[in-house]
Amino acid sequence: MEVEEIRLQEAVKEEMAASLKGRDFLMLVDYAPAEIRYLIDLAIELKQKLKAGETHHLLKGKTLGMIFEKSSTRTRVSFETGIYQLGGHGLFLSGNDLQIGRGESIWDTAQTLSRYLDGIMIRTFAHRKVVELARGATIPVINGLTDLSHPCQALADYQTILEHKGKLEGLKVAYIGDGNNMVHSLLMGAAKLGIDMSVATPEGYEPDADIVQQTKDHAAETGSRIHVCRDPREAIEGADVVYTDVWASMGQEAEQKERELAFAAYQVNEALAAHAKKDYLFMHCLPAHRGEEVSEGVIDGDHSIIFDQAENRLHAQKAIMAAIM
């Protein structure tokens with residue numbers, strides 16, 4: 001590589017790092033394609049450093065407050081481990097233990113925490129709460145999950161796809177199942193990264209129409225194609241990546257039986273997966289219900305990369321924290 005080209009790449013990295021510092025990470029749609037790719041590349045770099053045993057205390061002395069109003073395995077462990085590996089410290093803050101659980105305003109909570117911490121991660125139900133927290137805080141806020149969006153998972157997913165496929169642009173992702181927060185973030189990422197994405201859901205369970213239109217607008221700029229339909233076979237045809245999620249997410253347990261009927265024809269099994277490309281990857285954000293949204297043969301088969309996804313939550317979130325904190 002020519003010296004001038006190396007200098008140019010370093011200059012671009014420095015410019016990108018400067019543009020991300022102090023930003024909130026609420027939805028992928030808020031980030032430019034180059035910024036998303038920068039975070040993915042940084043996640044891969046930090047992963048390589050960890051595997052090589054290289055110290056990377058980019059956030060030495062920094063503290064992350066982690067607010068949990070929804071329980072979690074991957075989110076809590078990956079963020080707490082990630083901030084530690086970056087040289088910082090993570091504080092677990094249960095929503096029930098904070099004064100916000102007793103009626104203190106989100107604004108007052110955000111202002112107070114900003115005096116103690118260097119960043120806030122929140123995992124909650126209403127997306128409105130994350131937005132209000134970010135408005136009130138003077139430090140970066142990270143969306144660890146809301147009912148509308150799950151950007152940390154989507155970033156880790158696209159990192160995982162890049163590692164396995166060697167590229168992102170021009171690939172096709174097929175999502176089969178509920179049009180939930182996971183779909184929204186995957187759509188945003190696909191549109192920004194030039195990835196084609198097809199979504200198949202039963203009637204009444206479609207992704208948010210405004211988000212679909214928003215992603216289509218961004219897709220027009222990157223050349224990707226966004227398609228939402230009813231037929232899972234239509235959506236999965238020729239897919240490089242096949243993705244699904246639970247039929248009833250946290251907080252929807254009362255709808256389990258109703259959803260099982262509605263989604264009966266949307267199980268990702270061997271027969272459906274046969275319509276994807278022969279070298280397709282199977283992905284699931286976990287936790288999974290084998291025998292419901294996915295068959296054991298698919299999720300535990302040779303095409304499955306679900307635990308690579310789970311691992312990359314750690315590395316992708318380290319990249320987010322390192323970049324914005």
Side-chain angles (χ1 to χ4, degrees), residues 1 6 9-10 12-14 16-25 28 31 34-66 68 72-92 117-123 139-145 150-168 185 189 193 241 281-287 304-325:
M1 188 179 293
I6 293 174
Q9 288 182 358
E10 290 302 317
V12 170
K13 282 185 178 181
E14 289 178 9
M16 198 65 65
S19 74
L20 294 176
K21 188 176 180 180
R23 296 259 299 272
D24 297 316
F25 189 79
L28 285 181
Y31 280 67
E35 292 173 333
I36 296 173
R37 186 55 191 260
Y38 171 82
L39 289 173
I40 292 173
D41 290 341
L42 179 57
I44 292 172
E45 179 184 336
L46 293 176
K47 182 177 181 178
Q48 291 170 344
K49 287 182 182 296
L50 180 66
K51 301 292 185 184
E54 295 181 26
T55 300
H56 46 286
H57 290 167
L58 303 176
L59 296 180
K60 186 176 181 180
K62 302 280 188 178
T63 304
L64 175 75
M66 305 178 297
F68 284 89
S72 168
T73 299
R74 280 150 292 276
T75 300
R76 178 174 180 181
V77 176
S78 57
F79 267 109
E80 197 161 335
T81 301
I83 188 68
Y84 172 78
Q85 290 178 356
L86 289 168
H89 178 68
L91 289 174
F92 174 79
L117 305 169
D118 300 287
I120 302 170
M121 187 284 301
I122 180 170
R123 180 179 168 94
I139 56 176
V141 172
I142 300 170
N143 175 8
L145 175 141
H150 199 355
C152 292
Q153 178 69 57
L155 188 69
D157 291 340
Y158 286 122
Q159 175 194 344
T160 309
I161 293 170
L162 178 60
E163 289 175 341
H164 279 267
K165 291 293 188 182
K167 66 174 186 175
L168 291 172
S185 290
L193 294 167
V241 179
L281 303 174
F282 173 74
M283 305 182 78
H284 193 303
C285 54
L286 301 179
S304 179
I305 56 169
I306 59 172
F307 297 116
D308 291 342
Q309 285 178 263
E311 177 188 350
N312 281 341
R313 287 289 301 279
L314 171 65
H315 309 299
Q317 287 159 189
K318 283 169 67 176
I320 295 166
M321 289 187 285
I324 69 176
M325 287 175 63

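Just so it is clear, the values below take in all heavy atoms, side chains as well, and ignore hydrogens, waters and symmetry mates. What you see is a predicted model, and the numbers here were worked out from it, not measured in a lab.
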Trainee: If the condition is salt bridge (Lys or Arg N to Asp or Glu O under 4.0 Å), which residues does Lys13 pass it with, not counting sequence neighbours?
Mentor: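 With sequence neighbours excluded, Lys13 shows a salt bridge (Lys or Arg N to Asp or Glu O under 4.0 Å) to no residue whatsoever.
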Trainee: Please find the pair of heavy atoms, one from Ile142 and one from Cys152, that lie closest to each other, and give the distance.
Mentor: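 For Ile142 versus Cys152, the nearest heavy atoms are CG2-SG, 3.8 Å.
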Trainee: Where do Lys47 and Asn312 come nearest, in terms of heavy atoms and distance?
Mentor: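 Shortest heavy-atom separation between Lys47 and Asn312 comes out as NZ-OD1, 3.0 Å.
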Trainee: Please check if the number of heavy atoms outside Phe92 that lie under 6.0 Å from its CZ is greater than 12.
Mentor: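 Enclosed: over 12 neighbouring heavy atoms sit under 6.0 Å from CZ of Phe92.
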Trainee: Is a side-chain N or O of Thr81 found less than 3.5 angstrom from the main chain of Ser78, in a donor-acceptor match?
Mentor: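 Not confirmed, Thr81 side chain does not pair with Ser78 backbone.
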Trainee: Closest approach of Ala319 and Leu39, non-hydrogen atoms and distance?
Mentor: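 Smallest heavy-atom distance, with atoms named: CB-O, 3.4 Å.
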Trainee: Rounded to the nearest 0.5 Å, what separates atom CD1 in Ile320 from atom OH in Tyr31?
Mentor: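 So the gap between those two atoms works out to 7.5 Å.
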Trainee: Search all heavy atoms of Leu86 against all heavy atoms of Ala322 and return the closest pair with its distance.
Mentor: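 Closest heavy-atom pair between Leu86 and Ala322: CD1-N, 4.3 Å.
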Trainee: Look up atom CD1 in Ile44 and atom CG in Leu42, then write down how far apart they are to the nearest 0.5 Å.
Mentor: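 The CD1 atom of Ile44 sits 10.0 Å away from the CG atom of Leu42.
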Trainee: Closest heavy-atom contact between Asp157 and Gln309?
Mentor: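 Looks like OD1-NE2, 2.8 Å.
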Trainee: To the nearest 0.5 Å, what is the distance between CE (Met16) and CD (Glu35)?
Mentor: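 Going from CE on Met16 over to CD on Glu35, the span is 6.0 Å.
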Trainee: Is any side-chain heavy atom of Leu314 closer than 4.5 Å to one of Leu50?
Mentor: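 Yes, their side chains come closer than 4.5 Å.
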Trainee: If you define the side chain from C-beta out and look only at heavy atoms, does anything of Pro287 sit under 4.5 Å from Arg74?
Mentor: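 A side-chain contact under 4.5 Å exists here.
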Trainee: Only one of Glu80, His150, Arg123 passes side chain to side chain donor-acceptor pair (under 3.5 Å) with Thr75; say which it is.
Mentor: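 Of all the options given, the one that passes is Arg123.
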Trainee: I need the Asn143 CG to Ser185 OG distance, nearest 0.5 Å.
Mentor: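 Taking CG in Asn143 and OG in Ser185, the distance rounds to 7.5 Å.
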Trainee: With Glu14, which residues qualify under salt bridge (Lys or Arg N to Asp or Glu O under 4.0 Å), at least two apart?
Mentor: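 Salt bridge (Lys or Arg N to Asp or Glu O under 4.0 Å) check on Glu14 returns nothing, list empty.
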Trainee: Check Leu46 against His56 and note the closest heavy-atom contact, atom names and distance.
Mentor: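 For Leu46 and His56, the tightest heavy-atom pair comes out as CD2-CD2, 4.1 Å.
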Trainee: Roughly how far apart are Met121 CE and Phe68 CZ, rounded to 0.5 Å?
Mentor: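 Interatomic distance, Met121 CE to Phe68 CZ, rounded to 0.5 Å: 3.5 Å.
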Trainee: For the residue pair Leu193 and Ile40, establish whether any side-chain heavy-atom pair is separated by less than 4.5 Å.
Mentor: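 Touching, per the 4.5 Å side-chain cut-off.
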Trainee: Roughly how far apart are Gln85 CD and His315 NE2, rounded to 0.5 Å?
Mentor: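 Gln85 atom CD to His315 atom NE2 measures 7.5 Å (nearest 0.5 Å).
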Trainee: Between Asp118 and Thr63, is there a donor-acceptor pair closer than 3.5 Å when you use the side chain of the first and the backbone of the second?
Mentor: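 Side chain of Asp118 to backbone of Thr63: a pair is present.
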Trainee: Less than 4.5 Å apart, side chain to side chain, heavy atoms only: is that true for Phe307 and Leu286?
Mentor: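 With C-beta onward as the side chain, the pair touches.
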Trainee: Can you find a pair of side-chain heavy atoms, one from Leu162 and one from Gln159, that are under 4.5 Å apart?
Mentor: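 A side-chain contact under 4.5 Å is absent here.
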Trainee: Is the closest side-chain heavy-atom distance between Glu163 and Asp308 below 4.5 Å?
Mentor: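 Of all side-chain heavy-atom pairs linking Asp308 with Glu163, none is under 4.5 Å.
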Trainee: Given side chains that start at C-beta, do those of Tyr158 and Ile161 come closer than 4.5 Å, heavy atoms only?
Mentor: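 Contact flag for Tyr158/Ile161 side chains = yes.
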Trainee: For Ile83 and His89, what are the C-alpha separation, side-chain angles and deciding distance, and is it a side chain to side chain contact (heavy atoms under 4.5 Å, CB included)?
Mentor: CA-CA 6 Å; Ile83 188 68; His89 178 68; 5.7 Å; no
Trainee: Apply side chain to side chain contact (heavy atoms under 4.5 Å, CB included) to Met321 and Lys62, showing your working.
Mentor: CA-CA 10 Å; Met321 289 187 285; Lys62 302 280 188 178; over 6 Å; no
Trainee: Under the side chain to side chain donor-acceptor pair (under 3.5 Å) rule, collect the residues that match up with Lys60, sequence neighbours excluded.
Mentor: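 Partners of Lys60 by the side chain to side chain donor-acceptor pair (under 3.5 Å) criterion come out as none, since no residue qualifies.
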